[in-house]
Chemist: 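This is the structure, below, for whatever I ask next.
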Amino acid sequence: MNAKELFMNGEFIPADKGIISVRTHGFAYGTGCFEGIRGYWNEEEQQLYLFRLREHYERLLRSCKILSMSLPYSVEQLIEQSTELVRRNGQHEDVYLRPVAYKGDEIIGVKLHDLRDDYILTSEPLGNYVEITGLRCGVSSWRRIDDNAMPARAKICGSYVNAAFAKTEALQNGFDEAIMLTHEGNVSEGSAENIFLYTNGELVTPAPTENILLGITRDTVIKIAERELGIPTRERPVDRTELYLADEILLCGTGAQIAPVIAVDRRPVGSGKVGPVVRRLQELYFDIVRGKHPEYSAQWCTPVYKK
C-alpha cells in the first residue's frame, strides 16, 4: 500500500483520513456497490493505462440504479477523478482502483430509500489476484445468488459474501478456485470470475440469465477471440459435466485477468496443461491492456500521464 491520497465525497484527502463510522449503513448492511479497475504500467512508454475505464463507470452507475443510489458525478467526471488520483499518488506500476458507492447514513434499519449516498475511490498497487499459470478448481456446494434475491448483474458489496463462502470452501478442500452453479444446476461463474469453455472449435460461456455478472473482461474475451482468432462465442446454459469434457477452460475478470483452468473436480481439463487457445488469449490480453495494440488502445486504454 503506497497511496498518499484517496477521493472521498468530492475531494482528494490524505489516504489515512479516509474513514467511515462503524455505524455507517453500508458497513452494517452491505448496502453499497463497487467496481474493480486495473491500471497497467508500460515500461517502454513510461505510461500507465487504465483499462476500459468508461465501461467500468457505466456499470457502476447501473449498479447504483439497482440499489436506488444516485451519485453527483457523470462518467466523464469519474474518469477524470481516477486519472487525477493516480497522478497524485505518483504510481508507476500496476494498480487497482476501487470506487465504492454506499449508503452513508448512521442509522439502524434495513432499507434503500431516503438515505445519503456516499462515494470513495482508492488506488493501490496490485499484482495477480489468482494464479494465471493454471488453476485447479472445484465445483462449489454453495449456489450462486439469484437475480430475484441479490441481483448478480450489480456489483453489490453484500453479495460478495456468497463468493467468500465458495472461495473459502474451495481453498479448504485443496482447490485454487471455486466454480458455482445456479439453483437449477447450471454452471454460473467462479467465485468472482466469469468462465469460458473451449469446445468443438468455439468458446461457450453461461448466458446473462445464468446469474452472472456481465463482466467487462468477459466482453473483452468475446471480442478479441472473434477479431484476432476467428473463434466465435456461444452464450448458453452449461451443464456441470461439460466442465469435465471441455478442451480448455478459462476464468476471467478484472482481478483474475485471464486465468487458465487445468483441472476441475480433480479431473484434468484437456491435457491437464494450459491449452493453445487460452494461452493465446492471455498473451493478447496482456499486450492489449498495456497499450501495445494501437487498434485497441484508443478505445480501451486511458493514459494517466500526459506526454
Side-chain angles (χ1 to χ4, degrees), residues 29-36 52 55-56 58-69 100-101 110 112 129-130 135 137-171 173 175-199 202-223 233-244 246 249-259 261 264-265:
Y29 299 112
T31 49
C33 56
F34 72 99
E35 279 296 321
R52 301 198 70 172
E55 290 89 341
H56 278 286
E58 289 171 346
R59 186 172 66 183
L60 178 69
L61 294 182
R62 292 195 297 270
S63 294
C64 286
K65 185 175 183 179
I66 289 173
L67 278 176
S68 299
M69 304 180 76
V100 183
V110 288
L112 295 174
Y129 173 74
V130 297
L135 294 171
C137 297
V139 174
S140 180
S141 68
W142 294 95
R143 295 302 173 100
R144 178 71 172 146
I145 52 175
D146 186 79
D147 186 70
N148 285 312
M150 179 79 77
R153 59 175 33 87
K155 285 181 71 72
I156 298 170
C157 297
S159 73
Y160 277 74
V161 174
N162 178 236
F165 276 122
K167 180 78 172 196
T168 286
E169 178 188 57
L171 294 174
N173 286 340
F175 299 110
D176 300 312
E177 185 54 86
I179 295 174
M180 303 185 74
L181 306 180
T182 66
H183 286 274
E184 292 72 33
N186 298 329
V187 174
S188 181
E189 58 178 45
S191 68
E193 309 92 3
N194 293 123
I195 188 169
F196 286 83
L197 290 67
Y198 179 67
T199 183
E202 66 181 6
L203 289 172
V204 174
T205 193
T209 50
E210 299 298 325
N211 292 321
I212 67 169
L213 176 71
L214 287 171
I216 291 162
T217 310
R218 176 183 183 270
D219 179 71
T220 302
V221 169
I222 291 171
K223 285 182 167 65
T233 297
R234 186 186 303 273
E235 297 177 286
R236 63 166 175 80
V238 177
D239 289 335
R240 174 177 180 164
T241 53
E242 291 187 73
L243 298 169
Y244 305 153
I249 298 177
L250 68 87
L251 295 177
C252 68
T254 296
Q257 302 168 114
I258 293 184
V261 176
V264 176
D265 288 345

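This chain uses plain numbering: 1 for the first residue, then up along the sequence.
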Chemist: So how far is it from Lys167 NZ to Glu169 CD, rounded to the nearest 0.5 Å?
Modeler: 12.5 Å

Chemist: With the side chain counted from C-beta on, respond yes when Leu112 and Thr31 share a heavy-atom pair under 4.5 Å apart, and no when they do not.
Modeler: yes

Chemist: Short question: side chain of Ser188, backbone of Met180 - any donor-acceptor pair under 3.5 Å?
Modeler: no

Chemist: If you compare all heavy atoms of Gly158 against all heavy atoms of Met150, which two are closest, and at what distance to 0.1 Å?
Modeler: C-CE, 4.3 Å

Chemist: Quick check: closest heavy atoms across Cys33 and Cys157, and the distance to 0.1 Å?
Modeler: N-SG, 3.6 Å

Chemist: Would you say that more than 12 heavy atoms from the other residues, nucleotides or ligands in this model lie under 6.0 Å from the CZ of Arg234, or not?
Modeler: no

Chemist: Hey, does Asn186 have a side-chain heavy atom less than 4.5 Å from the side chain of Pro206?
Modeler: no

Chemist: Mind listing the closest non-hydrogen atom pair of Leu181 and Val187 along with its distance?
Modeler: CD2-CA, 3.8 Å

Chemist: Decide whether Gln257 and Thr217 meet the rule of one side-chain donor and one side-chain acceptor closer than 3.5 Å.
Modeler: no

Chemist: Taking side chain as C-beta onward, heavy atoms only, is Leu250 less than 4.5 Å from Tyr198?
Modeler: no

Chemist: Measuring from atom CG of Leu61 to atom CD1 of Ile66, what distance do you get when rounded to the nearest 0.5 angstrom?
Modeler: 11.5 Å

Chemist: On a heavy-atom basis, which atom in Gly30 and which in Ile156 lie closest, and how many Å separate them?
Modeler: O-CG2, 4.0 Å

Chemist: Give a yes or no answer on whether the side chain of Arg59 reaches the backbone of Leu214 with a donor-acceptor pair at less than 3.5 Å.
Modeler: yes

Chemist: Taking all non-hydrogen atoms of both residues into account, name the closest pair between Ser191 and Glu177 and its distance.
Modeler: OG-OE2, 2.6 Å

Chemist: For the side chain to side chain contact (heavy atoms under 4.5 Å, CB included) test, which of Asn194, Thr182, Thr205, Leu251 pairs with Glu189?
Modeler: Asn194

Chemist: Could you state the interatomic distance from CD1 (Ile145) to OH (Tyr160), rounded to the nearest 0.5 Å?
Modeler: 8.0 Å

Chemist: Would you compute the distance between atom CG of Leu213 and atom CD of Glu193 and round it to the nearest 0.5 angstrom?
Modeler: 11.0 Å

Chemist: Indicate yes or no for a side-chain donor-acceptor contact from Asp146 to the backbone of Asn211 under 3.5 Å, with no hydrogens or angles considered.
Modeler: no

Chemist: Can you sort out the partners of Arg52 under side chain to side chain donor-acceptor pair (under 3.5 Å), two or more places apart, ordered by chain and number?
Modeler: Glu55, Asp219, Thr220

Chemist: Would you say Ile195 and Leu243 make side-chain contact, with heavy atoms under 4.5 Å?
Modeler: yes

Chemist: State, with a plain yes or no, whether a side-chain heavy atom of Arg218 is found less than 4.5 Å away from one of Glu235.
Modeler: yes

Chemist: For the OG atom of Ser140 and the CD1 atom of Ile179, what is their distance to the nearest 0.5 Å?
Modeler: 10.0 Å

Chemist: Atom OG1 of Thr233 and atom CZ of Phe196: how far apart are they, to the nearest 0.5 Å?
Modeler: 5.5 Å

Chemist: Checking Phe175 now: which residues fulfil ring pair (Phe, Tyr, Trp, His ring centres under 6.0 Å) with it, not counting sequence neighbours?
Modeler: none

Chemist: Taking only residues two or more places apart in sequence or in another chain, which ones pass side chain to side chain donor-acceptor pair (under 3.5 Å) with Tyr29?
Modeler: none

Chemist: Kindly indicate whether the side chain of Val238, heavy atoms from C-beta on, has any atom under 4.5 Å from the side chain of Glu210.
Modeler: no

Chemist: Side chain to side chain donor-acceptor pair (under 3.5 Å) for Glu242 and Thr199? Distances and angles first, verdict last.
Modeler: CA-CA 9 Å; Glu242 291 187 73; Thr199 183; over 6 Å; no

Chemist: Looking only at heavy atoms, which two atoms of Pro151 and Asp147 are closest? And how far apart?
Modeler: CG-O, 3.6 Å

